[in-house]
There are 2 protein chains.
Amino acid sequence: MYKNQRNLMSEKVSSRKQQVRAEDVARHAGVSRVSVSRTFTPGASVSAATRAKVLKSAEILGYRVNRLASSLNRSESGIVALIAAEIDTPHRSAMIAELSDKLQAAGKVTMLINTSGYEERVKDALLQAISFRTEAAIILSGAPDPSLADTCFSNGMKLVLINREEDFPGSLQIGPDNRAAGKTALKALLRAGCKRIALANSANATWSILERQKGFVDAADEAGVEVLSEVGGLTSYQAGLELGTALLDREDRPDGIFCTTDLIACGVIDAARQRFGLRTPDDLSVIGFDDIAQAEWEGYDLTTFAQPTDQIIEKCLEWCTTEQPETETVKLPAKFVWRNSVQKARIPLK
Amino acid sequence: MYKNQRNLMSEKVSSRKQQVRAEDVARHAGVSRVSVSRTFTPGASVSAATRAKVLKSAEILGYRVNRLASSLNRSESGIVALIAAEIDTPHRSAMIAELSDKLQAAGKVTMLINTSGYEERVKDALLQAISFRTEAAIILSGAPDPSLADTCFSNGMKLVLINREEDFPGSLQIGPDNRAAGKTALKALLRAGCKRIALANSANATWSILERQKGFVDAADEAGVEVLSEVGGLTSYQAGLELGTALLDREDRPDGIFCTTDLIACGVIDAARQRFGLRTPDDLSVIGFDDIAQAEWEGYDLTTFAQPTDQIIEKCLEWCTTEQPETETVKLPAKFVWRNSVQKARIPLK
DNA sequence: ACACGTTGTGTACACGTGTACATAATATAG
DNA sequence: CTATATTATGTACACGTGTACACAACGTGT
């Protein structure tokens with residue numbers, strides 16, 4: 001009798017937020033609380049009559065099952081953490097859009113943790129995820145502190161690193177095959193007949209971006225081609241402008257540039273057009289990476305690599321629903337997207 | 001005695017995810033469970049000695065307070081829902097980046113709900129937010145079903161509509177003063193000496209965008225100026241390309257275009273440059289709205305309006321932490337950002 | 001009519017935490 | 001050294017839900 005009443009003794013009742021509970025619905029419908037619970041539990045056994053009564057009362061009272069409470073004894077929160085920096089960047093935001101959409105379709109809920117700024121925030125983000133008993137954490141940027149691995153797993157949390165390869169046991173590490181893409185980029189520039197080949201990269205590149213660079217440079221070494229390399233700035237459009245300006249100012253002006261990112265590539269193309277009066281692909285061939293929306297814009301029409309986003313996400317979801325996953329590293333081929341920023345092949349294919 | 005053991009009777013123990021509880025830490029540290037709770041509750045009274053023991057044991061066992069559980073009796077989840085569609089759009093993603101960052105700084109956690117696709121998803125998103133006892137829901141796109149208002153408030157949820165003005169009692173409705181901006185845009189084009197003035201807008205514009213259009217057209221009516229109006233497509237770059245092409249193909253080709261969105265403006269500028277060989281601002285003046293990153297790119301250098309993002313967010317947070325907010329509508333002035341897509345004033349100011 | 005399987009409901013407990021209250025330990029004042 | 005004020009710990013209960021178990025109601029077949 002007493003337990004059914006709420007806050008009888010406390011006078012501070014009014015300051016407390018009132019919530020509608022299963023108890024209230026049960027009383028209103030004239031059934032037991034368990035019947036309410038069962039009504040909203042798929043596969044539970046309730047008669048059609050009581051179910052109807054419960055649903056009606058719930059509608060009237062505005063009742064919704066408290067998933068925070070239900071997570072408690074089901075030990076499945078349904079929450080997945082998305083940890084990322086520079087969320088407003090074209091490629092990153094596209095990734096987040098896709099991920100959140102697919103997670104939602106899979107019945108999960110996404111908790112977005114922004115780690116822009118200090119690198120340290122990734123650690124805090126993971127700790128926060130653990131606090132909310134996130135089923136998994138998908139890390140899009142920043143390297144997590146490996147010492148956290150145990151804490152993650154002792155709380156039954158799955159871990160996915162996208163575009164990172166770190167020493168983080170028990171996690172899925174997935175991303176495009178950056179080296180192969182870098183190699184392909186070089187071949188494409190050679191095939192286009194470029195004589196002076198250059199690389200434009202940011203100074204604070206991530207692991208993934210450095211891999212692209214390495215693939216490109218290694219392939220050049222193999223082919224016995226010299227690479228004019230310009231590195232500086234952030235991974236941004238502005239950096240691209242500056243890198244492009246620096247490269248095109250050289251006496252031995254390059255005629256083919258691989259940019260490790262589409263944003264940089266857009267900057268390079270604009271530097272060429274606005275500052276030097278050069279046009280792609282006639283005067284200059286440019287290749288980017290990511291296939292952001294702007295790559296398709298008519299002013300750029302950028303030849304680039306599309307990240308295998310769909311496959312990455314599919315694998316992510318599969319991993320998140322697997323029981324006891326082992327450490328796994330997956331490299332997926334990036335799709336080369338031919339547009340019109342690279343000179344048509346003067347040297348025939350093959 | 002029995003209650004301290006876990007899952008003694010069930011044989012399915014192994015399939016259940018083991019979590020570290022305050023109980024475990026207490027036993028390991030040789031203190032009571034309450035002391036553990038107090039250690040992690042700011043302002044609670046624990047001796048330095050026990051606090052140290054607890055912290056050490058927590059570190060060793062990898063313990064983190066379960067915020068799902070603590071939300072139960074504190075009736076504050078600390079979660080705020082962000083409901084938005086087309087997350088990968090420049091302005092939207094910038095907004096989300098800022099919001100999530102500021103929310104985090106305020107000690108809140110953001111739950112991102114993607115409502116791209118069906119309009120109906122906004123309703124589901126709100127219901128989901130309620131299920132997770134979100135402290136507030138910030139709706140960036142889509143009109144919520146007004147019938148949900150009661151359900152929201154009966155669960156103590158705050159509501160913010162950004163860039164929408166709907167009949168949703170008890171909510172904060174906030175955004176830029178779109179009408180005023182439209183008016184300013186017209187004046188700017190007139191002052192630049194434009195003779196044939198046009199408007200480019202998408203066919204599925206939101207309320208906010210329609211307001212800009214209305215402000216622009218009304219001001220034109222007042223000034224006795226005719227507006228060539230082209231409407232079609234989505235609110236996207238591609239639509240801008242088509243709208244721009246259609247406008248510039250006319251016999252009475254416009255020399256000043258107000259685009260209701262920067263994305264559309266970029267499309268219009270590219271149509272002018274790539275398809276008609278026209279340049280801004282010499283041959284054509286263009287004004288956009290949003291001040292997305294690309295507006296600053298050298299290829300566009302777009303004169304536009306910056307949304308008062310900081311103030312919007314500040315007001316949002318203030319609202320979310322207010323006790324019993326009343327319905328409120330806030331219009332903030334959008335800042336006119338002069339760049340170089342509009343002909344320099346031929347008619348002197350004032 | 002009886003034994004028996006089916007189905008729906010109720011009871012009791014667990015999930016992991018915070019907090020009011022009572023009580024034990026300690027510091028302070030006389 | 002005792003009486004008292006202060007502080008730290010322990011006890012009990014509440015938050016809102018899911019589920020194993022017991023049991024009542026209800027046909028069904030002989």
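The basis for the numbers below is simple: all heavy atoms, side chains too, and nothing from hydrogens, waters or symmetry mates. Every chain is numbered from 1 and lettered A, B, ... according to where its sequence line falls, protein lines coming before strand lines.
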ask   = What integer distance in Å separates B:Arg67:CZ from C:dG18:P?
value = 10 Å
query = Given atom CZ of A:Phe40 and atom C1' of D:dG16, what is their separation to the nearest angstrom?
reply = 14 Å
query = Choosing from D:dT19, C:dT17, D:dT17, which nucleotide comes nearest the side chain of A:Ala69?
reply = D:dT17
query = Quick one: does A:Arg51 reach the base of C:dG8 with a side-chain donor-acceptor pair under 3.5 Å?
reply = no
message = If I take atom CD in residue B:Glu23 and atom C1' in nucleotide C:dC15, what distance separates them, rounded to the nearest angstrom?
response = 12 Å
inquiry  = Quick check for you: among D:dT17, D:dA14, C:dT9, whose closest atom lies nearest to any side-chain atom of A:Arg38?
reply    = C:dT9
ask   = Salt bridge check: are B:Asp124 and B:Arg121 linked by an N-O gap of less than 4.0 Å?
value = no
remark   = Whole-Å distance, A:Leu68 CG to C:dG18 P, equals 14 Å
ask   = With respect to the side chain of A:Ser45, which nucleotide from C:dG10, C:dG8, D:dT19 is positioned closest?
value = C:dG8
message = Using every non-hydrogen atom in the two residues, find where B:Ile113 and B:Ala81 come nearest and quote the distance to one decimal.
response = CD1-CB, 4.4 Å
N/O (side chain, A:Thr50) to phosphate O (OP1/OP2, C:dT9) under 4.0 Å = yes
note = Out of D:dG16, C:dG8, C:dT17, minimum distance to the side chain of B:Arg21 belongs to C:dT17
query = So which nucleotide from C:dT9, C:dT17, D:dT17 ends up closest to the side chain of A:Asn66?
reply = D:dT17
ask   = Distance-only, no hydrogens or angles: does the B:Arg164 side chain make a donor-acceptor pair with backbone N or O of B:Trp207 under 3.5 Å?
value = no
inquiry  = Between C1' on C:dT9 and NZ on A:Lys53, what's the gap in Å once rounded to a whole number?
reply    = 11 Å
message = How many whole angstroms separate atom CZ of A:Arg74 from atom C1' of D:dA20?
response = 17 Å
ask   = Around B:Glu59, counting heavy atoms of other residues, nucleotides and ligands shown, do more than 12 lie under 6.0 Å from its CD?
value = no
message = For the residue pair A:Arg133 / A:Ser71, report whether a side-chain donor-acceptor contact shorter than 3.5 Å exists.
response = no
message = Side chain of B:Thr41 only, heavy atoms from C-beta on: which candidate in D:dT9, C:dG18, C:dT9 is closest?
response = C:dG18
request  = Verify the contact: side-chain N or O of B:Ser70 to OP1 or OP2 of C:dT17, cut-off strictly under 4.0 Å; return yes or no.
outcome  = no
key: Polar pair under 3.5 Å, donor/acceptor by atom type, side chain B:Asn73, base C:dT17   = yes
key: Residue A:Ser35, side-chain atoms from C-beta onward, closest of D:dT9, C:dT9, D:dT11   = C:dT9
request  = Just call it for A:Ser37: base, sugar-phosphate, or nothing, with non-hydrogen atoms closer than 4.0 Å on any strand.
outcome  = base
ask   = Of the nucleotides C:dG16, C:dT9, D:dT19, which one has an atom closest to the side chain of B:Leu72?
value = C:dG16
query = Out of D:dT17, C:dG8, D:dT19, which nucleotide sits closest to the side chain of A:Ser47?
reply = C:dG8
remark   = Taken to the nearest 0.5 Å, the spacing of B:Glu165 CD from B:Ser171 OG works out to 9.5 Å
query = On a plain distance test, is the side chain of B:Arg33 in donor-acceptor contact with the base of C:dG18 below 3.5 Å?
reply = yes
ask   = Nearest-Å distance, CZ (B:Phe132) to C1' (D:dG16)?
value = 14 Å
